[in-house]
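We number each residue from 1, following the sequence as shown.
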Amino acid sequence: MKLTFSYDRRLRRSSVAFTMIEVALCLAIIAFALVAIIGILPTGMQVQKDNREETIIGQEGAFLLDALRSGQTNLDSLSNNLVYLEQYTNKVPMVTNYGPSFTGTTGELTAYQIVGILSTPKYPTNGIVTNYYTRAKFLANSGPLAERATTNRDLSFTYLLETEIVPYMVPTNLALVETNLAMNLTNNLYDVRLTLSWPVLPNNTVGNSVQVFRTLVAGELTPDTNQYYFFRQAYFNRY
């Protein structure tokens with residue numbers, strides 16, 4: 001009896017492997033995909049960073065606008081997050097105070113003083129420029145808690161705030177009745193504009209990102225004995 005051995009074709013087919021050329025082509029395709037992914041990753045991270053900063057600025061602008069409009073004086077976060085505040089009269093520095101992030105300095109402002117200085121009008125009733133603008137550097141009130149620590153703020157997100165409060169201006173060519181109405185508006189209607197610029201770099205220069213918040217506030221804007229101004233929306237000055 002003669003024995004014959006037969007080889008299954010399926011066994012021979014399963015022993016076939018990739019060649020070196022095929023492996024090299026696969027690695028090239030994977031490397032090309034990884035280069036594309038790694039190349040777009042910094043752009044995605046920058047977009048995420050910009051969106052986060054714009055969200056924080058939107059919250060900060062609304063918070064500050066509401067604080068000035070309602071004359072809130074008990075916001076401790078304003079005092080805690082203030083880095084410095086400068087007030088200019090006719091482009092000449094008039095008031096310069098520093099916040100608690102500067103260890104060892106004096107003249108730290110309270111929330112009452114911060115709101116009172118930021119609310120100083122650009123033009124009083126006599127038409128003389130008393131406040132060219134007020135500028136303050138703040139640490140963001142929103143965002144990660146670690147960035148708001150008072151011990152180390154070097155990596156915290158900060159922005160520069162400039163305020164302008166301008167009363168309604170009376171046109172000169174109005175009839176008597178219209179003039180009386182316009183004067184009532186001048187004494188009781190103010191254009192409040194906040195300009196927030198960011199990011200603030202370590203050398204105190206500011207980046208190109210700017211957002212402006214504006215609103216009209218009706219009511220009385222009067223100073224106290226220390227010349228800190230506050231809006232009182234329940235009171236009106238009648239001309």
Side-chain angles (χ1 to χ4, degrees), residues 57-101 106-142 159-170 181-197 211-239:
I57 288 296
Q59 295 172 348
E60 294 293 311
F63 170 74
L64 292 168
L65 204 59
D66 186 62
L68 299 187
R69 178 171 48 197
S70 56
Q72 298 184 33
T73 59
N74 57 349
L75 300 173
D76 293 335
S77 58
L78 285 179
S79 180
N80 295 333
N81 295 333
L82 176 68
V83 180
Y84 68 79
L85 186 147
E86 297 174 337
Q87 192 176 43
Y88 290 80
T89 302
N90 296 326
K91 299 185 180 180
V92 178
M94 182 179 66
V95 177
T96 302
N97 288 91
Y98 295 96
S101 61
T106 57
E108 296 177 0
L109 297 176
T110 63
Y112 180 92
Q113 294 171 311
I114 294 172
V115 174
I117 294 176
L118 293 178
S119 300
T120 306
K122 187 171 184 178
Y123 305 104
T125 53
N126 58 11
I128 301 174
V129 178
T130 58
N131 176 26
Y132 181 71
Y133 65 86
T134 302
R135 181 171 60 187
K137 179 181 176 182
F138 280 103
L139 176 72
N141 187 55
S142 54
Y159 60 90
L160 200 64
L161 167 70
E162 293 184 4
T163 64
E164 278 188 296
I165 299 179
V166 182
Y168 178 83
M169 305 305 293
V170 182
L181 175 61
M183 288 299 296
N184 283 326
L185 290 177
T186 301
N187 294 329
N188 299 285
L189 188 63
Y190 296 86
D191 179 19
V192 179
R193 178 169 56 191
L194 308 182
T195 303
L196 278 68
S197 309
Q211 191 166 347
V212 179
F213 297 82
R214 296 185 63 179
T215 187
L216 288 175
V217 179
E220 186 181 68
L221 179 62
T222 53
D224 63 3
T225 55
N226 296 317
Q227 293 300 304
Y228 296 130
Y229 283 80
F230 299 95
F231 279 107
R232 299 195 302 169
Q233 299 189 47
Y235 298 88
F236 293 88
N237 290 319
R238 189 168 183 83
Y239 175 73

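In this structure, Thr134 contributes its side chain and Thr163 its backbone to no donor-acceptor pair below 3.5 Å. Looking at Ser119, its side chain never comes within 3.5 Å of a backbone N or O of Gly116 through a donor-acceptor pair. Side chain of Asn226 to backbone of Tyr228: no donor-acceptor contact under 3.5 angstrom is found. Put simply, the side chain of Ser79 gets close to the backbone of Leu109: a donor and an acceptor are under 3.5 Å apart.
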Practice task
Could you walk me through whether Arg69 and Val192 pass side-chain contact (heavy atoms from CB on, under 4.5 Å), step by step?
Solution key: CA-CA 8 Å; Arg69 178 171 48 197; Val192 179; over 6 Å; no
Exercise for the section: Please step through side-chain contact (heavy atoms from CB on, under 4.5 Å) for the pair Ile165 and Asp191, ending with a clear verdict. Expected result: CA-CA 6 Å; Ile165 299 179; Asp191 179 19; over 6 Å; no
Exercise for the section: Decide yes or no on side-chain contact (heavy atoms from CB on, under 4.5 Å) for Phe230 and Thr222, but give the supporting numbers first. Expected result: CA-CA 6 Å; Phe230 299 95; Thr222 53; 6.0 Å; no
Practice task
Apply side-chain contact (heavy atoms from CB on, under 4.5 Å) to Leu160 and Tyr84, showing your working.
Solution key: CA-CA 10 Å; Leu160 200 64; Tyr84 68 79; 3.5 Å; yes
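Separating the CD atom in Gln72 from the CG atom in Leu64 is a distance of 10.5 Å, to the nearest 0.5 Å. Here Arg135 contributes atom CZ and Leu85 contributes atom CG; the two are 10.0 Å apart, rounded to the nearest 0.5 Å. To the nearest 0.5 Å, the span separating CZ on Arg193 from OG1 on Thr215 amounts to 13.0 Å.
In this structure, Phe231 and Tyr190 have perpendicular ring planes: the angle between them is above 60°, well past the 30° mark.
Tested against Phe213 for a side-chain contact (heavy atoms from CB on, under 4.5 Å), the candidates Thr195, Ile57, Leu161 yield a single pass: Ile57.
No side-chain heavy atom of Val212 sits under 4.5 Å from any side-chain heavy atom of Leu194. Residues Tyr112 and Leu78 are not in side-chain contact: their nearest non-hydrogen atoms beyond the backbone lie 4.5 Å or more apart. A heavy-atom distance below 4.5 Å is found between the side chains of Gln87 and Thr120. Val115 places a side-chain heavy atom less than 4.5 Å from the side chain of Leu68. Looking at heavy atoms from C-beta onward, Leu75 lies in side-chain contact with Phe63 at the 4.5 angstrom threshold.
Gln59 and Asn141 form no side-chain donor-acceptor contact under 3.5 Å, judged by distance and modelled atom types alone.
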